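Just so we're clear, the structure is a prediction, and the values are computed from it rather than from any experiment.
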Number of protein chains: 2
Amino acid sequence: MYEQLKLDNQLCFRLYTAARMIAGAYNPYFEQLGITYPQYLVLLVLWEKDQQPVNDIAKRLLLETNTVTPLLQRMEKAGLVRRVKGEVDTRQRIVCLTPQAIAMREQAKEIPAKLGNEIGKYVSMQELQAMIPALDKLIEGLQQTNK
Amino acid sequence: MYEQLKLDNQLCFRLYTAARMIAGAYNPYFEQLGITYPQYLVLLVLWEKDQQPVNDIAKRLLLETNTVTPLLQRMEKAGLVRRVKGEVDTRQRIVCLTPQAIAMREQAKEIPAKLGNEIGKYVSMQELQAMIPALDKLIEGLQQTNK
DNA sequence: ATCATTTATATCGCACACGACTGAAATCGA
DNA sequence: TCGATTTCAGTCGTGTGCGATATAAATGAT
């Protein structure tokens with residue numbers, strides 16, 4: 001009767017838990033670098049393309065600006081980024097990597113492979129890869145719905 | 001060279017985002033009930049079996065007690081649970097559903113199906129079901145590693 | 001029986017996440 | 001051109017998550 005309300009039947013709980021578990025597995029590596037998982041995501045975005053306004057970073061990570069702003073402020077305090085006033089559009093704040101954060105890329109380079117090894121002990125890469133299209137469709141769809 | 005550090009190549013980012021998106025999709029329903037997603041998870045656990053100590057709930061949700069305790073305190077303040085001293089082991093706090101929370105089960109019954117419809121617009125149930133074994137293996141594996 | 005260890009819960013501090021809202025700058029429309 | 005609207009970034013309040021730590025009760029060892 002309440003079959004649907006059983007925890008074991010809920011895909012969402014698994015996604016929620018898996019995300020936390022992976023973040024936990026990343027943590028030892030991030031600790032060495034003095035960053036957090038969301039800060040790592042910001043670095044990924046900026047390593048791909050430096051000097052982006054807050055909004056572009058937020059959109060890329062599918063986060064709200066009121067999440068990203070404080071995140072960037074903490075990263076600035078930690079010496080990872082600078083936030084300079086936009087010249088074309090003065091409302092914007094352009095986020096730039098510091099030399100320290102640029103150098104950090106070399107350290108971080110090995111992390112995904114290490115995580116991959118860790119996770120690969122438990123799940124085959126094939127199974128993991130197979131999840132990606134479904135996740136992308138889910139994200140794409142709900143992202144529209146939620147706004 | 002830094003191919004591994006591209007956001008698009010990261011499974012973890014997708015899990016993290018998908019979990020947030022689904023939570024967002026749940027929110028309209030939870031708002032009506034005056035609960036949050038983690039509180040809903042606690043209710044799922046207690047609807048299955050009432051009167052559990054804090055530790056059992058935490059273990060079931062794979063959360064730390066220092067996450068669950070404040071969660072339960074908020075739920076107690078909201079009139080959803082009572083936390084009574086354990087009689088056998090006085091260190092324990094047995095968490096009990098209030099009549100209000102028991103009644104809420106009827107309201108909540110429809111939620112998973114509604115979410116299923118929502119998500120089903122974008123991803124087939126088959127694809128979603130197919131992810132479950134991989135997620136379970138991943139969670140099981142990392143859960144051990146992370147402690 | 002008594003002391004050391006373990007266990008159950010809790011507190012504290014910090015870092016997200018997000019809804020609601022604000023202020024200032026850019027843009028749009030008549 | 002000039003007032004209305006939109007956009008960008010930000011603040012504030014609330015609710016998680018979790019590492020570190022505290023406290024009291026239960027358990028184990030001698």
### Query
How far apart are the C-alpha atoms of Lys109(A) and Glu106(A), what are their side-chain angles, what is the distance that settles it, and do they pass the side chain to side chain contact (heavy atoms under 4.5 Å, CB included) test?
CA-CA 5 Å; Lys109(A) 201 175 53 171; Glu106(A) 268 306 309; 3.2 Å; yes
### Query
Yes or no on side chain to side chain contact (heavy atoms under 4.5 Å, CB included) for Gln4(B) and Glu110(A), after CA distance, side-chain angles and deciding distance?
CA-CA 8 Å; Gln4(B) 298 275 303; Glu110(A) 314 294 344; over 6 Å; no
### Task
Kindly determine whether Met75(A) and Val95(A) satisfy side chain to side chain contact (heavy atoms under 4.5 Å, CB included), including the steps that lead there.
CA-CA 10 Å; Met75(A) 291 178 76; Val95(A) 183; over 6 Å; no
### Test log, rule side chain to side chain contact (heavy atoms under 4.5 Å, CB included), inputs Lys114(A) and Ile111(A)
CA-CA 5 Å; Lys114(A) 286 178 184 166; Ile111(A) 295 180; 5.6 Å; no
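Nearest nucleotide to the Gln39(B) side chain, out of dT16(D), dC18(D), dT9(C): dT16(D). Ranking dA9(D), dC18(C), dT9(C) by closeness to the Gln92(A) side chain, first place goes to dA9(D).
Between Arg74(B) and dT14(D), a side-chain N or O to OP1/OP2 separation shorter than 4.0 Å is absent. Checking the phosphate oxygens (OP1, OP2) of dA24(C), no side-chain nitrogen or oxygen of Thr90(A) falls inside 4.0 Å. A sub-4.0 Å separation between OP1 or OP2 of dG10(D) and a side-chain N or O of Arg83(A) is present. Applying the 4.0 Å criterion to OP1 and OP2 of dC8(D), one finds that Arg93(A) has every side-chain N and O outside that range. The phosphate of dA17(C) has OP1 or OP2 within less than 4.0 Å of a side-chain N or O from Tyr16(B).
For the segment residues 41-69 of chain B, residues with any heavy atom less than 4.0 angstrom from an atom of DNA chain D are, sorted by number, Leu63(B), Asn66(B), Thr67(B). Within residues 29-36 of chain B, the residues that have a heavy atom under 4.0 Å from DNA chain D are, in order of number, Thr36(B).
What separates CG of Asp89(A) from P of dG23(C) is a distance of 19 Å, to the nearest Å.
Between Tyr29(A) and Tyr40(A), the distance from one ring center to the other does not fall under 6.0 angstrom.
Between Asp89(B) and the choices Gln92(B), Lys85(B), Arg91(B), the side-chain hydrogen bond (donor to acceptor under 3.5 Å, both in side chains) rule is met once, by Arg91(B).
Taking 3.5 Å as the limit, the base of dT7(D) and the side chain of Arg91(A) contain a donor-acceptor pair of atoms between them.
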